[in-house]
Peer 1: 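Once you've had a glance at the structure underneath, I'll fire off some questions.
Side chains included, hydrogens not; waters and symmetry mates left out as well; all remaining heavy atoms used. Predicted model only: the values in this text are computed from it and were never measured.
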Amino acid sequence: MADVMPLTLRRMSSSLRSRLRDRSPGLGPALAGGALAAGLGLGGCAALVMVLWVSSPYPDSGPGGALHVAAALWLLAHGVELVRAETLSGAPQPVGLTPLLLLALPVWLVYRAARDATDASEEPDGPPPVPARTAWTGVVLGYLGVGAAATLYAFGGEPRPEWIWVTVCLPLLAGGAAGVGVWTGAGRPRPPVSSRLPQWVRGDVLGTAARAAGAATAVLTGGGALILGASLVWHGDTARLAFTQLTQGWTGRLTVLLLAVTLVPNAALWSASYALGPGFPLGAGHMVHPLASDPAPLLPPFPLLAAVPDAGAGTPLNWAAALVPVTAGVTAGWFVAAAAVRRGRPWLHWSAGRSVGVLALAALLCGLVLTLLAELSGGPLGTSTLSRFGPVAWRTGSAAALWLLLLGTPVTLAARAWRLGTLRRAGVLPSRRTKKRTSPTGVKAPDAREAPPKLPAPSPEPERQDLYDFLEADSPESAPAPRTPDRSDPEDRSEPEAPSSDAPFPEAPSPDGSTPPEGEEAPDSVAAPRTPEPAEALPRPPEATPDPAEPNPSA
């Protein structure tokens, strides 16, 4: 019995190991990849904070406090809201403004980890490809494991993360970025739902709408960054004074500069919302838009806040920011028109209604993207007046979709008509006149301005051959045998062939077997053999009447 138990346990353990190995191949490397991605992001934040802490001439806390700040900063990069408990008023103050440049770091790390875990090895002796579900599960679990440890550590310092934001933002970011990475590593397969869509939607419609929306979003964000840079140059003196008012040492100024750089994408989106019209609140109840600017008073001096327009009514210089959404609408319309009439396939051009529908879909996609980005770019920096900074998401997205639809529609129709006209003039497509003069069956309809077509002259009817012409033939050898139609076959409707007029016809013998002399006719009692001819072609001769004076040969 003692020998059987170890053997049974060994068999059970080997069976369990083989079962786990068969069910989840590659789960271990995927877990390690997710944990490594989280560790790299957390280590980068810790290294940056520690360098700034070491170089600071007046550190407020020890290395433990700096590490707690690094963990909190890493969680803030995922969209987690932090709370500062140690304030002058004694009331906790939230910090929910996420720098988008820091947000890009964990997204890229999780994406790379999931893509590398799904990629199949190109070597013949390499490991087998990991299933997509296994790779996604391993990367997400490994990342969340390190994130949970960092959250527990950050709770012991200042500022502290909010649990509800941790449970929502951290899994959402890790799952979304890992999903995109797995899809890319698997070769970008089409989702199963795409097979249920109509053929015209599965073709170029979704791709064209996505490209047009991406181009319009890039124009809006790039135009916002251009407005931000121009405003910073315009208020250059105020921006330079902000560095000296916040801190005196070079370490503090470097910290302010790094913070301003990480917030540049946020400020670009704020400027894009400003150009679209809704603007953004700079403090609760204080709106900044092209028609008027009303920032909150007593804002802290910060370099990016120096770019805010001066308080008061807007000027034509402020209204010139509308050129950004105008350019975005023109760009989206041009992209849709280029796909509606392609030079490589001009015969498959879209109709005007379909082109406008694709543009509306692109406007919807652009509005959704701008809504998400505007929501991520803002957040609270405290309570009361500091409870709202950044654009209102739904207003920004709705304004972007409306601008694209109103300005992109005439551009799409005009560019489509121009491209069609160019192809017609080049002879690639038929002109409209040709289309109008062509019937639905493809036969060209007559035009009143054109002369009527000349009909071919009728061929002359063949001369009728009389039966008596055959009697003048000379030799019987060259006469062809007449063709007798088969009356039993209903499909044989052919007419009997008439012998040629030039062929000789056999002469009728006389009653005594001799040939009649030249110039005399054969007796009427012996008729020449008749060839059957059509009734309308050969008239039937009258029947011969025997002469009673002549003897009857048959008697």
Peer 1: Against Cys366, only a single residue in Thr371, Leu405, Thr217 fulfils side chain to side chain contact (heavy atoms under 4.5 Å, CB included); can you say which?
Peer 2: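 Among Thr371, Leu405, Thr217, the one meeting side chain to side chain contact (heavy atoms under 4.5 Å, CB included) with Cys366 is Thr217.
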Peer 1: Below 4.5 Å, heavy atoms only, C-beta onward: do Leu173 and Leu103 meet side chain to side chain?
Peer 2: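 Yes. Closest side-chain heavy atoms under 4.5 Å.
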Peer 1: Kindly state each residue pair satisfying ring-ring contact (aromatic ring centres under 6.0 Å, His included) with at least one member in residues 243-279, sequence neighbours excluded.
Peer 2: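 Non-adjacent pairs meeting ring-ring contact (aromatic ring centres under 6.0 Å, His included): Trp270-Phe280.
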Peer 1: Would a distance-only check, ignoring hydrogens and angles, find a side-chain to backbone donor-acceptor pair under 3.5 Å from His286 to Leu282?
Peer 2: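 No, because the side chain of His286 does not come within donor-acceptor range (under 3.5 Å) of the backbone of Leu282.
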Peer 1: Can you name the closest pair of heavy atoms from Ala268 and Leu228 and give their distance?
Peer 2: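 In terms of heavy atoms, the two residues are closest at N-CD2, 4.2 Å.
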Peer 1: Quick one: does Leu36's side chain get under 4.5 Å of Val146's, heavy atoms only?
Peer 2: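 Result no, sub-4.5 Å side-chain heavy-atom pair not found.
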Peer 1: Is any side-chain heavy atom of Pro380 closer than 4.5 Å to one of Leu386?
Peer 2: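 No - every pair of side-chain heavy atoms lies 4.5 Å or more apart.
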Peer 1: Which pair of non-hydrogen atoms, one from Ala37 and one from Tyr143, has the smallest distance, and what is that distance?
Peer 2: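 Residues Ala37 and Tyr143, closest heavy atoms: C-CE1, 3.9 Å.
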Peer 1: Under 3.5 Å, is there a donor-acceptor pair between the side chain of Asn266 and the main chain of Ser377?
Peer 2: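 Yes; at least one donor-acceptor contact below 3.5 Å.
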Peer 1: Just by distance, do the side chain of Thr221 and the backbone of Ala218 share a donor-acceptor pair under 3.5 Å?
Peer 2: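 A pair under 3.5 Å: yes.
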Peer 1: Measure the shortest side-chain to side-chain distance between Val256 and Phe302 over non-hydrogen atoms and say whether it is less than 4.5 angstrom.
Peer 2: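 Val256 reaches Phe302 side chain to side chain.
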Peer 1: Okay, side chain of Thr396, backbone of Leu370: is any donor-acceptor separation there less than 3.5 Å?
Peer 2: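 Side chain of Thr396 to backbone of Leu370, a donor-acceptor pair under 3.5 Å: no, none is there.
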Peer 1: Nearest 0.5 angstrom please: Leu407 CG to Thr412 OG1, how far?
Peer 2: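 One finds 10.5 Å between CG of Leu407 and OG1 of Thr412.
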Peer 1: Could you pull out the closest heavy-atom pair between Ala275 and Val324, with the gap in Å?
Peer 2: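 Looks like CB-CB, 4.1 Å.
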Peer 1: Judged by atom type as modelled, is there a donor-acceptor pair below 3.5 Å linking the side chain of Thr262 to the main-chain atoms of Leu259?
Peer 2: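 Yes; judged by distance alone, with no hydrogens or angles, the pair exists.
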Peer 1: Between Trp403 and Val326, is there a donor-acceptor pair closer than 3.5 Å when you use the side chain of the first and the backbone of the second?
Peer 2: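 It does not hold such a pair.
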Peer 1: Determine yes or no for a side-chain-to-main-chain donor-acceptor pair under 3.5 angstrom, with Trp136 supplying the side chain and Gly175 the backbone.
Peer 2: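 Such a contact is found between Trp136 side chain and Gly175 backbone.
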Peer 1: Check the angle between the aromatic planes of Tyr153 and His68 and answer parallel, tilted or perpendicular using the 30° and 60° thresholds.
Peer 2: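 Answer is parallel, since the angle falls under 30°.
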Peer 1: For the side chain of Glu162 and the backbone of Val83, is there at least one donor-acceptor N/O pair under 3.5 Å apart?
Peer 2: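 Side chain of Glu162 to backbone of Val83: no pair is present.
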Peer 1: Looking at every heavy atom in both Pro161 and Leu82, which two are closest together, and how far apart are they?
Peer 2: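 What the structure gives for the nearest pair is CA-CD2, 3.7 Å.
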Peer 1: Considering only heavy atoms from C-beta outward, does the side chain of Leu269 approach that of Pro391 to under 4.5 Å?
Peer 2: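 Side chain of Leu269 against side chain of Pro391, heavy atoms only: no contact under 4.5 Å found.
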Peer 1: Work out which heavy atom in Ala150 is nearest to a heavy atom in Trp74; give both atom names and the distance.
Peer 2: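 In this case the closest contact between Ala150 and Trp74 is CB-CZ3, 3.9 Å.
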Peer 1: Surrounding CH2 of Trp163 (heavy atoms of other residues, nucleotides or ligands, distance under 6.0 Å), is the total greater than 12?
Peer 2: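 Yes, CH2 of Trp163 has more than 12 neighbouring heavy atoms, counting only those of other groups under 6.0 Å.
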Peer 1: Are side-chain heavy atoms of Leu144 and Leu170 found at a separation under 4.5 Å?
Peer 2: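 Answer yes - side chains close enough.
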Peer 1: May I ask you to test the Met50-Leu67 pair for a side-chain heavy-atom distance under 4.5 Å?
Peer 2: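 Met50 reaches Leu67 side chain to side chain.
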Peer 1: Between Ser55 (side chain only) and Leu52 (backbone N and O only), is there a donor and an acceptor less than 3.5 Å apart?
Peer 2: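 Flag set: sc Ser55 to bb Leu52 pair under 3.5 Å.
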Peer 1: Indicate yes or no for a side-chain donor-acceptor contact from Thr98 to the backbone of Ala77 under 3.5 Å, with no hydrogens or angles considered.
Peer 2: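 Not confirmed, Thr98 side chain does not pair with Ala77 backbone.
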Peer 1: What heavy-atom pair brings Val139 and Ala114 nearest, and what distance separates the two atoms?
Peer 2: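 Closest pair (atom of Val139, atom of Ala114, distance): CG2-CA, 3.9 Å.
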Peer 1: Kindly compute the distance separating CH2 (Trp165) from CD (Glu81), expressed to the nearest 0.5 Å.
Peer 2: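 It comes to 5.5 Å.
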